[in-house]
Amino acid sequence: MNILLVNSSPRKHQACTYQLAQFIIQQISEKIDVEVVEVDAATLPHLDADYAKALSTPDLMYDESSGSLSLSNQLIAQLNKADFIIIASPMHNFSLPSSLKSWVDHVVRAGRTFEITATEKQGLLSNKPIYVLVSAGGRFSGKNAYQPDFFTPYLTEIMATVGLKDIQFFTIEGTVTNRETVQEQIDLLQKQLKNHLESTEISREMPVAI
Ligand SMILES: Cc1cc2nc3c(=O)[nH]c(=O)nc-3n(C[C@H](O)[C@H](O)[C@H](O)COP(=O)(O)O)c2cc1C
């Protein structure tokens with residue numbers, strides 16, 4: 001199984017969402033062979049001028065061997081090859097960190113991952129599961145939420161635009177305001193993820209190689 005892990009925490013491997021992503025990978029790799037490609041979204045640049053021009057004038061030819069067009073091709077190829085996608089991310093200012101938005105801007109590309117019809121934007125990627133691990137300093141879901149959440153509805157909508165409609169969110173909230181419950185939440189999520197993986201097809205696609 002090919003797993004694509006997109007990590008957008010500036011704290012990189014120290015982030016609890018990254019550690020949970022490793023937990024998922026370990027659970028799956030106990031059952032089947034996995035190949036993991038990791039994208040450190042925190043190092044992605046913003047888009048360059050050629051990319052912006054190419055997307056707004058698609059009838060012209062562009063050199064795609066360098067810059068954002070080349071990077072976009074590479075990131076789209078990773079997305080196409082993946083059987084399963086994990087996104088590990090903090091919430092920043094009620095929404096995606098700009099690094100994760102940069103990844104989105106590189107992979108959501110007219111003519112490549114979606115096409116524009118008379119009535120809608122139609123996804124061109126084959127559907128595959130996405131697990132999104134989100135951590136937030138405060139609370140954005142449930143009855144104790146006190147801030148808006150533009151993260152989960154946005155990511156749901158934009159991934160569906162390219163054809164990825166099987167998206168699930170797993171959240172750790174209150175990492176700043178309720179630090180004492182963070183480890184409890186991680187332990188609980190690990191149990192939930194283990195049960196979840198066992199009850200889905202994700203870790204049952206191929207027999208373990210002997
Ligand atoms: C620039 C910035 C903006 C943030 N905005 C929010 C926010 O809107 N809501 C929230 O609950 N936490 C916010 N936080 C806190 C982080 O979401 C929280 O500390 C998270 O657990 C960090 O995860 P990490 O370890 O992957 O960096 C923000 C943190 C930073 C650095």
Side-chain angles (χ1 to χ4, degrees), residues 3-29 34 36-48 68 71 75 78-79 82 84-108 128-161 164 166-197 202:
I3 300 179
L4 175 63
L5 166 56
V6 182
N7 180 23
S8 68
S9 173
R11 296 202 313 125
K12 301 184 186 284
H13 296 184
Q14 301 305 314
C16 57
T17 50
Y18 180 83
Q19 285 161 19
L20 274 173
Q22 293 305 323
F23 174 80
I24 295 174
I25 291 165
Q26 181 231 319
Q27 291 296 309
I28 298 174
S29 60
V34 297
V36 184
V37 170
E38 223 174 288
V39 174
D40 180 3
T43 62
L44 292 178
H46 283 125
L47 306 170
D48 63 23
S68 301
L71 181 56
L75 295 170
Q78 293 170 345
L79 200 51
F84 176 49
I85 301 158
I86 306 171
I87 297 177
S89 178
M91 171 183 269
H92 278 176
N93 294 316
F94 310 150
S95 186
L96 310 188
S98 57
S99 56
L100 185 55
K101 180 59 166 52
S102 178
W103 178 78
V104 166
D105 289 339
H106 281 87
V107 299
V108 180
K128 52 194 94 187
I130 310 183
Y131 280 19
V132 188
L133 308 163
V134 193
S135 79
R139 299 207 166 269
F140 64 85
S141 70
K143 62 178 170 37
N144 295 326
Y146 55 80
Q147 59 184 336
D149 167 23
F150 297 106
F151 188 119
T152 61
Y154 173 73
L155 203 57
T156 304
E157 196 64 39
I158 201 67
M159 290 293 98
T161 302
L164 305 178
D166 181 5
I167 189 164
Q168 307 210 42
F169 292 90
F170 301 90
T171 64
I172 300 173
E173 299 179 48
T175 61
V176 175
T177 53
N178 295 78
R179 272 164 54 188
E180 62 288 351
T181 70
V182 170
Q183 193 53 49
E184 281 167 34
Q185 291 184 68
I186 292 172
D187 294 345
L188 191 66
L189 262 191
Q190 288 191 343
K191 280 194 194 118
Q192 283 174 1
L193 284 162
K194 201 166 185 295
N195 290 337
H196 206 272
L197 288 166
I202 289 172

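Here the structure is a predicted model, which is why all the values come from computation and not from measurement. Below, each value reflects all heavy atoms present in this structure, side chains not excepted, and no hydrogens, waters or symmetry copies. The first residue in the sequence is number 1, and the count goes up from there. Whatever order the structure lists them in is the order used to number ligands and atoms, beginning at 1.
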Does an N or O anywhere in [X] fall below 3.5 Å from an N or O of ligand 1?
X: F94; value: yes
X: A15; value: no
X: S135; value: yes
X: V176; value: no
X: R139; value: no
X: S89; value: no
X: S9; value: yes

**Study point:** F84 vs I28 side-chain heavy atoms within contact, under 4.5 Å
**Key:**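 They are in contact (side-chain heavy atoms under 4.5 Å apart), so the answer is yes.
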Review point. Pick one: which of S8, S99, S135, S9 meets side chain to side chain donor-acceptor pair (under 3.5 Å) with S89?
Key: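 It is S8, the one option of S8, S99, S135, S9 that forms the side chain to side chain donor-acceptor pair (under 3.5 Å) with S89.
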Review point. Among protein heavy atoms, which lies nearest atom 31 (C) of ligand 1, and at what distance?
Key: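 Nearest protein contact, heavy atoms only, for atom 31 (C) of ligand 1 is H92 NE2, 3.6 Å.
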Exercise for review: May I ask you to identify the nearest protein heavy atom to atom 5 (N) of ligand 1, giving residue, atom name and distance to one decimal place in Å?
Suggested key: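 I find the closest protein heavy atom is N93 N, 2.8 Å.
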Check your understanding: Given Q19, Q147, M91, R11, which has its nearest heavy atom closest to atom 6 (C) of ligand 1?
Key ->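 Comparing heavy atoms across Q19, Q147, M91, R11, the nearest one to atom 6 (C) of ligand 1 lies in M91.
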Check your understanding: What atoms of ligand 1 come within less than 4.0 Å of a heavy atom belonging to G137?
Key ->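 This gives 10 (C), 11 (O), 12 (N), 15 (C), 16 (C), 17 (O), 18 (C) as the contact atoms.
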Point to revise | Distance filter under 4.0 Å to T175 heavy atoms, resulting ligand 1 atoms | key: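 Selected atoms, number and element: 18 (C), 19 (O), 20 (C), 21 (O).
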Check your understanding: So, does Q168 use its side chain to make a donor-acceptor pair with the main chain of I130 at under 3.5 Å?
Key ->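 Not confirmed, Q168 side chain does not pair with I130 backbone.
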Check your understanding: Ignoring hydrogens and geometry, is there a side-chain-to-backbone donor-acceptor pair from K128 to L79 under 3.5 Å?
Key ->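 It does hold such a pair.
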Check your understanding: Is it the case that T152 and D149 place a side-chain donor and acceptor less than 3.5 Å from each other?
Key ->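 On atom types as modelled, these side chains qualify, holding a pair under 3.5 Å.
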Point to revise | Side-chain donor-acceptor contact under 3.5 Å, Y18 with Q22 | key: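 Y18 vs Q22: donor-acceptor pair found between side chains.
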Review point. Hey, what's the ring geometry for H196 with Y131, parallel, tilted or perpendicular (30° and 60° as the breaks)?
Key: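 Aromatic pair H196/Y131 classed perpendicular.
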Review point. Just wondering, more than 12 heavy atoms not from E157 lying within 6.0 Å of its CD?
Key: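 No, not enclosed.
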